[in-house]
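Working notes, structure below.
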Amino acid sequence: VVRTGENGTETQAFEPLSFTYRPLANRVDATDDILPLSRYRIDSITSETGAITTVTLAPADCVRGSDMPAAEDDNDKNCFPQYWHINGAQDAAIDWFHRYPVLGVLTTDPTGLGEGVEHSYSYADPGWHYNDDPFTPEDERTWSSFRGFGRVTEITGAVGTTRSRTVTLFMQGMNGDKRKGTSATRTATVEGIDFTGLDVADVTDSDQYSGFAREQITYNGSTPVGVTVNDP
């Protein structure tokens with residue numbers, strides 16, 4: 001990507017913003033007659049000023065036949081069900097596909113004059129909600145709507161240096177989610193992270209609050225030094 005500035009008839013092009021990428025399997029492959037479905041993910045970015053940002057993705061979380069979610073509506077992994085027309089079939093059938101969460105982002109100065117900035121991430125409690133998109137045929141809907149992770153931990157700084165740690169608790173809108181093969185629905189609450197001097201109330205994880213940051217805590221080691229609690 002090249003940006004160009006203009007001043008009347010004069011133009012000045014910036015250095016290019018460039019990307020490298022690598023193919024990763026989209027489908028949770030099996031021993032069958034379906035060809036692998038690979039898609040490209042960003043590996044690194046070189047900015048116009050020369051900074052290099054490298055992205056580390058989580059490895060595939062699901063293995064067909066040995067390590068898969070318990071059910072379409074009971075999924076705590078980074079793969080998800082989806083209907084598609086396999087090998088051009090007239091009727092859509094359900095299959096499973098990978099997600100690759102970002103584990104780390106490292107930005108460095110190749111001249112060596114600037115200090116690198118490193119961010120690492122860990123996740124807990126993925127939320128897979130029933131897809132009630134009206135543009136998806138009703139008989140092709142499943143629990144493929146990703147509502148994010150319930151808890152995200154970000155660490156800033158390289159190993160062996162001063163590092164900060166931030167934990168963010170998100171609402172996912174999972175209360176009332178449809179259950180498979182029954183008229184019952186899911187009951188879900190978001191439990192606050194409590195510590196000495198602070199009691200954060202549990203709240204119902206209502207659908208309209210999906211993506212809402214309920215609580216964020218900054219730690220110095222294991223000691224919380226700052227906290228924000230948001231009431232929806």
How many angstroms lie between atom [atom1] of [X] and atom [atom2] of [Y], to the nearest 0.5 angstrom?
| X | Y | atom1 | atom2 | value |
| --- | --- | --- | --- | --- |
| Tyr219 | Ile217 | OH | CD1 | 3.5 Å |
| Lys178 | Asn131 | NZ | CG | 11.0 Å |
| Glu15 | Glu48 | CD | CD | 9.0 Å |
| Leu37 | Leu24 | CG | CG | 13.0 Å |
| Thr142 | Gln82 | OG1 | CD | 8.0 Å |

Determine yes or no for a side-chain-to-main-chain donor-acceptor pair under 3.5 angstrom, with [X] supplying the side chain and [Y] the backbone.
| X | Y | value |
| --- | --- | --- |
| Thr20 | Ser44 | yes |
| Ser47 | Thr49 | yes |
| Asp177 | Tyr130 | yes |
| Asp205 | Asn175 | no |

Exercise: identify the closest heavy-atom pair between [X] and [Y]:
| X | Y | result |
| --- | --- | --- |
| Val2 | Ala13 | CG1-CB, 4.2 Å |
| Pro232 | Met171 | CG-SD, 4.0 Å |
| Asp73 | Arg179 | O-NH1, 3.5 Å |
| Arg147 | Ser210 | CD-OG, 3.2 Å |
| Glu118 | Leu106 | CB-CD1, 3.8 Å |
| Ser38 | Pro23 | CB-CB, 4.2 Å |

Path from [X] to [Y] over hydrophobic side-chain contacts below 4.5 Å:
| X | Y | value |
| --- | --- | --- |
| Tyr21 | Val105 | no |
| Tyr100 | Val102 | yes |
| Phe170 | Ile155 | no |
| Phe149 | Val167 | no |
| Ile193 | Val190 | yes |

Subject >> Worked verdict on Gln172 versus His129 for side-chain hydrogen bond (donor to acceptor under 3.5 Å, both in side chains) >> reply: CA-CA 9 Å; Gln172 299 164 291; His129 194 279; over 6 Å; no

Original post:
Hey, mind stepping through Arg99 and Asp61 against salt bridge (Lys or Arg N to Asp or Glu O under 4.0 Å) and telling me if it holds?
Top reply: CA-CA 8 Å; Arg99 285 190 77 257; Asp61 193 28; over 6 Å; no

Pair [X], [Y]: side-chain N/O donor-acceptor within cut-off below 3.5 Å:
| X | Y | answer |
| --- | --- | --- |
| Arg41 | Asn26 | yes |
| His85 | Gln90 | no |
| Asn75 | Trp143 | no |
| Gln216 | Thr168 | yes |
| Thr53 | Thr107 | yes |
| Thr11 | Thr4 | no |

Original post:
Is the number of heavy atoms from other residues, nucleotides or ligands within 6.0 Å of CZ (Arg151) greater than 12?
Top reply: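 Atom CZ in Arg151 is not packed in, count stays at 12 or less.
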
**OP:** For residues 56-153, pull every pair meeting disulfide bond (SG atoms under 2.5 Å apart), keeping only residues two or more places apart or in separate chains.
**Re:**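 Sorted pair list: Cys62-Cys79.
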
**OP:** Could you tell me how the ring of Tyr121 sits relative to the ring of His119: parallel (under 30°), tilted (30 to 60°) or perpendicular (over 60°)?
**Re:**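 Taking His119 first and then Tyr121, their aromatic rings lie parallel (interplane angle under 30°).
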
**OP:** If the plane angle is over 60° it's perpendicular, under 30° parallel, otherwise tilted; pick one for Trp84 and Phe97.
**Re:**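 Perpendicular: the ring planes of Trp84 and Phe97 meet at over 60°.
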
State plainly whether the residues [X] and [Y] are in salt-bridge range, i.e. N to O under 4.0 Å.
| X | Y | answer |
| --- | --- | --- |
| Arg214 | Asp231 | yes |
| Asp95 | Arg27 | yes |
| Asp43 | Arg22 | yes |
| Lys180 | Asp74 | no |

Original post:
What's the verdict on side-chain hydrogen bond (donor to acceptor under 3.5 Å, both in side chains) for Thr204 and Thr189, showing C-alpha distance, side-chain angles and the deciding distance?
Top reply: CA-CA 4 Å; Thr204 301; Thr189 59; over 6 Å; no

Original post:
Between Arg3 and Phe14, is NZ or CZ placed under 6.0 angstrom from the six-membered ring centre and within 45° of the ring axis?
Top reply: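 Pair Arg3/Phe14 counts as cation-pi.
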
Original post:
Mind checking whether Ile45 and Leu17 have side chains closer than 4.5 Å, heavy atoms only?
Top reply: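 Yes. Closest side-chain heavy atoms under 4.5 Å.
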
Original post:
Are Thr153 and Thr166 close enough, and set up right, to give a side-chain contact (heavy atoms from CB on, under 4.5 Å), and what steps lead you there?
Top reply: CA-CA 6 Å; Thr153 300; Thr166 301; over 6 Å; no

**OP:** Identify which one of Ser144, Ser145, Pro126, Pro69 satisfies the side-chain contact (heavy atoms from CB on, under 4.5 Å) criterion when paired with Phe80.
**Re:**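 Running side-chain contact (heavy atoms from CB on, under 4.5 Å) over Ser144, Ser145, Pro126, Pro69 with Phe80 returns exactly one hit, Ser144.
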
Original post:
Can you check whether Phe146 and Trp128 have ring centres sitting under 6.0 Å from each other?
Top reply: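 Yes - the distance between ring centres of Phe146 and Trp128 falls below the 6.0 Å cut-off.
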
